[in-house]
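Here is the structure we will look at, set down as structure tokens.
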Amino acid sequence: MNFSDLVQARRSVREYDLSQPVTDADLKAIFDDVILSPSAFNLQQWAFVVVREAEQKKRLRAAAMDQAQVENCGAAIVVCAKLDAHNDAPTVFAQAPEPMRGRMIGMTAQMYGGNAQFARDEAIRGASLA
Ligand SMILES: Cc1cc2nc3c(=O)[nH]c(=O)nc-3n(C[C@H](O)[C@H](O)[C@H](O)COP(=O)(O)O)c2cc1C
């Protein structure tokens with residue numbers, strides 16, 4: 001399927017065939033793609049929580065304005081925006097040559113460390129794109 005066909009065919013689906021379980025292999029295939037998403041400074045300001053246990057999905061539904069599809073699914077994925085992703089910069093840029101490495105660590109610390117609102121906005125952008 002080419003990209004245009006994919007976009008044309010996409011829909012928000014809210015009823016699921018629970019006879020088809022969401023397997024660990026399915027999730028791995030999904031997240032192998034997801035983590036290739038672009039992110040500011042490659043900080044990957046996201047974390048994902050997969051909820052498959054019935055009682056936890058019920059609690060999640062209550063937190064999601066009682067939307068039935070949050071509970072009546074094989075797996076609900078909570079997309080989290082990582083507010084302190086700039087602290088990962090030394091790891092993200094571990095292989096980068098100097099002076100690039102130091103510059104990137106300094107820039108991300110300055111841009112996000114000193115501006116919680118910007119860090120939050122950027123994290124929401126990155127997590128949403130993913
Ligand atoms: C930021 C955002 C929040 C959304 N929140 C919900 C939601 O809480 N519940 C839901 O069922 N759909 C939600 N949607 C899906 C939209 O309702 C849906 O994309 C829109 O109605 C268009 O339908 P389509 O995706 O089938 O083309 C959300 C979409 C976006 C982009």
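Start at 1 and go down the list; that is how both ligands and their atoms are numbered. Residue indices begin at 1 and follow the sequence shown.
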Exercise. Are L27 and V79 linked, directly or through other ILVMFWY residues, by side chains that come within less than 4.5 angstrom of each other?
Worked result: yes
For this session: Take every heavy atom of R10, measure it against each atom of ligand 1, and state whether any distance is under 4.0 Å.
Result: yes
For this session: List every atom of ligand 1 that sits less than 4.0 Å from any heavy atom of Q69, numbering the atoms from 1 in the order shown and giving each element.
Result: 9 (N), 10 (C), 11 (O)
For this session: Indicate the ring-plane relationship of F41 and Y112, choosing parallel, tilted or perpendicular according to the 30° and 60° boundaries.
Result: perpendicular
Exercise. Would you say atom 5 (N) of ligand 1 has a protein heavy atom nearer than 4.0 Å?
Worked result: no
For this session: Quick one: look up the protein heavy atom nearest atom 8 (O) of ligand 1 and list residue, atom name and how far away it is.
Result: Q67 NE2, 3.0 Å
For this session: Identify whether M100 and L43 are in the same connected component of the hydrophobic contact network (ILVMFWY, side-chain heavy atoms under 4.5 Å).
Result: yes
For this session: Establish whether L36 and I30 are linked, either directly or via other cluster members, by ILVMFWY side-chain heavy-atom contacts under 4.5 Å.
Result: no
Exercise. So if you build clusters from Ile, Leu, Val, Met, Phe, Trp, Tyr with side-chain heavy-atom gaps below 4.5 Å, do M104 and M111 land together?
Worked result: yes
Exercise. What residue and heavy atom of the protein are closest to atom 25 (O) of ligand 1, and at what distance?
Worked result: S12 OG, 2.5 Å
Exercise. Purely on distance, is any nitrogen or oxygen of R11 under 3.5 Å from one on ligand 1?
Worked result: no
For this session: Indicate whether atom 31 (C) of ligand 1 is within a distance of less than 4.0 angstrom of some protein heavy atom.
Result: no
Exercise. Under the 4.0 Å line, does any protein heavy atom show up next to atom 18 (C) of ligand 1?
Worked result: yes
Exercise. Can you get from F93 to I35 by hopping between Ile, Leu, Val, Met, Phe, Trp and Tyr side chains that sit under 4.5 Å apart?
Worked result: no
Exercise. Can you check whether a protein heavy atom sits less than 4.0 angstrom from atom 14 (N) of ligand 1?
Worked result: no
Exercise. Side chain, backbone, both or neither: which part of R14 comes within less than 4.0 Å of ligand 1 when only heavy atoms are counted?
Worked result: side chain
Exercise. Going through the distances and angles, do K58 and E55 end up as a salt bridge (Lys or Arg N to Asp or Glu O under 4.0 Å)?
Worked result: CA-CA 5 Å; K58 192 188 288 277; E55 187 54 34; 5.2 Å; no
